[in-house]
Chemist: 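Take this structure first; my questions come after.
So you know, we letter chains A, B, ... as the sequences are listed, proteins then strands, and number each from 1.
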There are 2 protein chains.
Amino acid sequence: MILEKKKAFNAYAAKQGLRSTRQRDVILDVFLATRQHLSVEELYLKVKASHPGIGFATVYRTMKLLAEAGIARELTLKNGQARYEHQLAGEHHDHLICTGCGAIVEFEDETIEQLQREIAERHGFTITSHRMDLFGLCPGCRGTTAG
Amino acid sequence: MILEKKKAFNAYAAKQGLRSTRQRDVILDVFLATRQHLSVEELYLKVKASHPGIGFATVYRTMKLLAEAGIARELTLKNGQARYEHQLAGEHHDHLICTGCGAIVEFEDETIEQLQREIAERHGFTITSHRMDLFGLCPGCRGTTAG
DNA sequence: CTTGCTGCAAACAGTTTGCAGAACT
DNA sequence: AGTTCTGCAAACTGTTTGCAGCAAG
């Protein structure tokens, strides 16, 4: 599936007249190699580990590109920092976010999606995207009396 | 209902040993006098209109206080800017946000709330809060061939 | 060769903070 | 009088941008 994504990006790049560069390859690889929701900084650190020359701005620029290409999805967490997750074509999922340890669990619920569509329709809105985040404590943090 | 809120804040302030100041009164009044979702800057401008002496930082500090007191709710929009809305005790609502004109429509859906609780339970999470935002075009912006 | 991309550092926007003086209790 | 709060400006954080040199096509 990593290859698929790479192809998807190459297709997008070709269509947009973008160049294929070493940096973009590296950043895409690093992004695809992880399953977590990464901040740009985390991404940058991982990239720099193997390719020290790559700069901060390039990571930002490339992640924006991946988002436009439909490969990454940008999340705006509560602290205002952006995080990126994999975007699976056509699919959508939401998040359970543990306020204790920061863990993020993904879930999908077709019934809710359907209700959202109905609500939007009722208000005459044409929905292009949505986000739903449930904040609370995960099983681990609930047990631990972490003060 | 404005009085209720003021009392609620006074109660909170008393409990926390906070002082009642002119600035806090003014900011609370301005906040309660509007039904929109205000950014701190907008709030600051409104406050300054009638009370030019009040500073930016005080508005920030006071809004944080109102959020802690359960009177205001802080929203994190996509651009990372904070906005505040009224928090109605016990109630919760979500948002339809027009990406064209920025309009925010509030809605409530008990079925979705219920489904959210079930999902959380299924994953062993104890939910403390949640947010759901649907982004798209409102009827007005959909009609207008803007762009 | 031409044009887009990169890396750097400086610019930016929104928010927070340190401090001296003012105001509440 | 004691202490919290305020206003200012400077600091900070995350992100974007201008520019000279580099590299892909």
Side-chain angles (χ1 to χ4, degrees), chain A residues 6 9-31 37-69 72-84 102, chain B residues 6 9-30 37-69 72 74-84 102:
Chain A
K6 289 198 181 189
F9 181 63
N10 289 338
Y12 176 83
K15 198 171 58 188
Q16 300 291 313
L18 302 176
R19 288 185 180 167
S20 151
T21 68
R22 197 167 146 51
Q23 288 88 333
R24 287 179 182 165
D25 273 2
V26 170
I27 295 168
L28 181 53
D29 276 348
V30 166
F31 173 65
H37 299 71
L38 296 167
S39 67
V40 179
E41 194 186 355
E42 289 163 349
L43 229 14
Y44 168 65
L45 290 176
K46 277 174 183 287
V47 164
K48 213 174 57 166
S50 53
H51 298 76
I54 295 182
F56 219 69
T58 302
V59 179
Y60 271 99
R61 289 189 273 230
T62 302
M63 290 317 293
K64 281 264 179 289
L65 235 45
L66 295 184
E68 281 163 28
R73 182 155 78 114
E74 189 175 322
L75 311 176
T76 310
L77 258 18
K78 261 184 176 162
N79 60 61
Q81 192 178 162
R83 285 184 173 271
Y84 287 92
Chain B
K6 289 197 181 191
F9 180 63
N10 288 338
Y12 176 83
K15 198 171 59 187
Q16 301 291 313
L18 303 175
R19 287 184 181 168
S20 152
T21 69
R22 196 168 146 49
Q23 288 89 333
R24 287 179 182 164
D25 272 2
V26 171
I27 295 168
L28 181 53
D29 275 347
V30 167
H37 299 72
L38 297 166
S39 66
V40 178
E41 193 185 356
E42 288 162 349
L43 228 15
Y44 169 65
L45 291 176
K46 277 176 184 286
V47 165
K48 214 174 54 167
S50 53
H51 297 76
I54 295 182
F56 217 70
T58 303
V59 179
Y60 271 100
R61 289 188 273 229
T62 303
M63 291 315 295
K64 280 264 180 289
L65 235 44
L66 295 185
E68 281 164 27
E74 189 176 321
L75 310 176
T76 310
L77 258 19
K78 261 185 176 163
N79 59 61
Q81 193 178 161
R83 284 183 175 272
Y84 287 90

Chemist: Report which part of the nucleic acid A/Gly53 touches: base, sugar-phosphate, or nothing (heavy-atom distance under 4.0 Å, all strands).
Modeler: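 A/Gly53: backbone/sugar contact only, no base atoms under 4.0 Å.
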Chemist: Indicate whether OP1 or OP2 belonging to C/dC5 is found under 4.0 Å from a side-chain N or O atom of A/Arg22.
Modeler: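 Checking A/Arg22 against C/dC5: no side-chain N or O falls below 4.0 Å of OP1 or OP2.
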Chemist: Atom CG of A/Asn10 to atom C1' of D/dA24: distance rounded to whole Å?
Modeler: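 Roughly 14 Å, once rounded to whole Å.
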Chemist: Return no unless some side-chain N or O of A/Gln81 is found under 4.0 Å from OP1 or OP2 of D/dT15.
Modeler: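 No, A/Gln81 has no side-chain N/O under 4.0 Å of OP1/OP2 on D/dT15.
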Chemist: Drop me the distance from A/Asp25's CG to A/Phe9's CZ, to the nearest 0.5 angstrom.
Modeler: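 If I round to the nearest 0.5 Å, the distance is 8.0 Å.
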Chemist: Between A/Leu38 and A/Lys46, is there a side-chain heavy-atom distance shorter than 4.5 Å?
Modeler: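 Answer yes - side chains close enough.
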Chemist: Name all residues meeting the side-chain hydrogen bond (donor to acceptor under 3.5 Å, both in side chains) criterion together with A/Glu74; count only those two or more places apart in sequence or in a different chain, and write none if there are none.
Modeler: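 Expected list: A/Lys64, A/Tyr84.
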Chemist: Side chain of A/Gln23, heavy atoms from C-beta onward: which of D/dC5, C/dT6, D/dT15 has the nearest atom to it?
Modeler: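 Nearest to the side-chain atoms of A/Gln23, counting from C-beta on, is C/dT6.
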Chemist: Which sits closer to the 5' end of DNA chain C, A/Leu65 or A/Pro52, going by the nucleotide each is nearest to?
Modeler: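 That would be A/Leu65.
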Chemist: OP1 or OP2 of C/dT15 sitting under 4.0 Å from any side-chain N/O of B/Lys64?
Modeler: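 Result: no.
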Chemist: Could you tell me the separation between the NZ atom of B/Lys48 and the P atom of D/dT6, rounded to a whole number of Å?
Modeler: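 It works out to 17 Å between those atoms.
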Chemist: Going 5' to 3' through nucleotides 17-23 of chain D, assign each nucleotide B (protein heavy atom under 4.0 Å from a base atom), S (under 4.0 Å only from sugar-phosphate atoms) or - (no protein heavy atom that close).
Modeler: BB----B
Chemist: Under 4.0 Å: is that the gap between some side-chain N or O of B/Thr58 and OP1 or OP2 of D/dG7?
Modeler: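 Answer is yes, contact under 4.0 Å.
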Chemist: Of A/Thr62, A/Val59, A/Leu66, A/Val47, which meets side chain to side chain contact (heavy atoms under 4.5 Å, CB included) against A/Phe31?
Modeler: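 Among A/Thr62, A/Val59, A/Leu66, A/Val47, the one that satisfies the side chain to side chain contact (heavy atoms under 4.5 Å, CB included) with A/Phe31 is A/Leu66.
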Chemist: Let me confirm one number: the NZ-CG distance from A/Lys15 to A/Asn10, rounded to the nearest 0.5 Å.
Modeler: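 A/Lys15 NZ to A/Asn10 CG: 12.5 Å, rounded to 0.5 Å.
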Chemist: Whole angstroms only, please: what is the NE2-P distance between A/His51 and C/dG7?
Modeler: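 My rounded result for the distance is 11 Å.
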Chemist: Rounded to the nearest 0.5 Å, what separates atom CD in B/Glu68 from atom CD in B/Gln16?
Modeler: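 Answer rounded to 0.5 Å: 7.5 Å.
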Chemist: Which residues in residues 37-45 of chain B have at least one heavy atom lying under 4.0 Å from any atom of DNA chain D?
Modeler: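 Heavy-atom contacts with DNA chain D come from no residue of residues 37-45 of chain B; none.
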Chemist: Just one of B/Ile27, B/Thr21, B/Val26 clears the side chain to side chain contact (heavy atoms under 4.5 Å, CB included) bar with B/Arg24, so which one?
Modeler: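 It is B/Thr21; the other options fail the test.
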Chemist: Looking at A/Lys6 and A/Asp29, does any basic side-chain N land under 4.0 Å from a carboxylate oxygen?
Modeler: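 Result for this pair is yes, salt bridge flagged.
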Chemist: More 5' along DNA chain D: B/Phe56 or B/Gly17, using each one's nearest nucleotide?
Modeler: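 Its nucleotide being nearer the 5' end, the pick is B/Gly17.
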Chemist: Can you measure A/Arg83 atom CZ to D/dT15 atom P for me and round it to whole angstrom units?
Modeler: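 Taking atom P of D/dT15 as the reference, CZ of A/Arg83 is at 10 Å.
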Chemist: Rounded to the nearest 0.5 Å, what separation is found between the CZ atom of B/Arg83 and the CD atom of B/Glu41?
Modeler: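 It comes to 9.5 Å.
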Chemist: With a 4.0 Å limit, can you tell me whether B/Gln16 has a side-chain N or O closer than that to the phosphate oxygens OP1/OP2 of D/dT4?
Modeler: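 No.
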Chemist: Tell me the interatomic distance from B/Leu75, atom CG, to C/dG14, atom P, rounded to whole angstroms.
Modeler: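 Atom-to-atom, B/Leu75 to C/dG14, this comes out as 16 Å.
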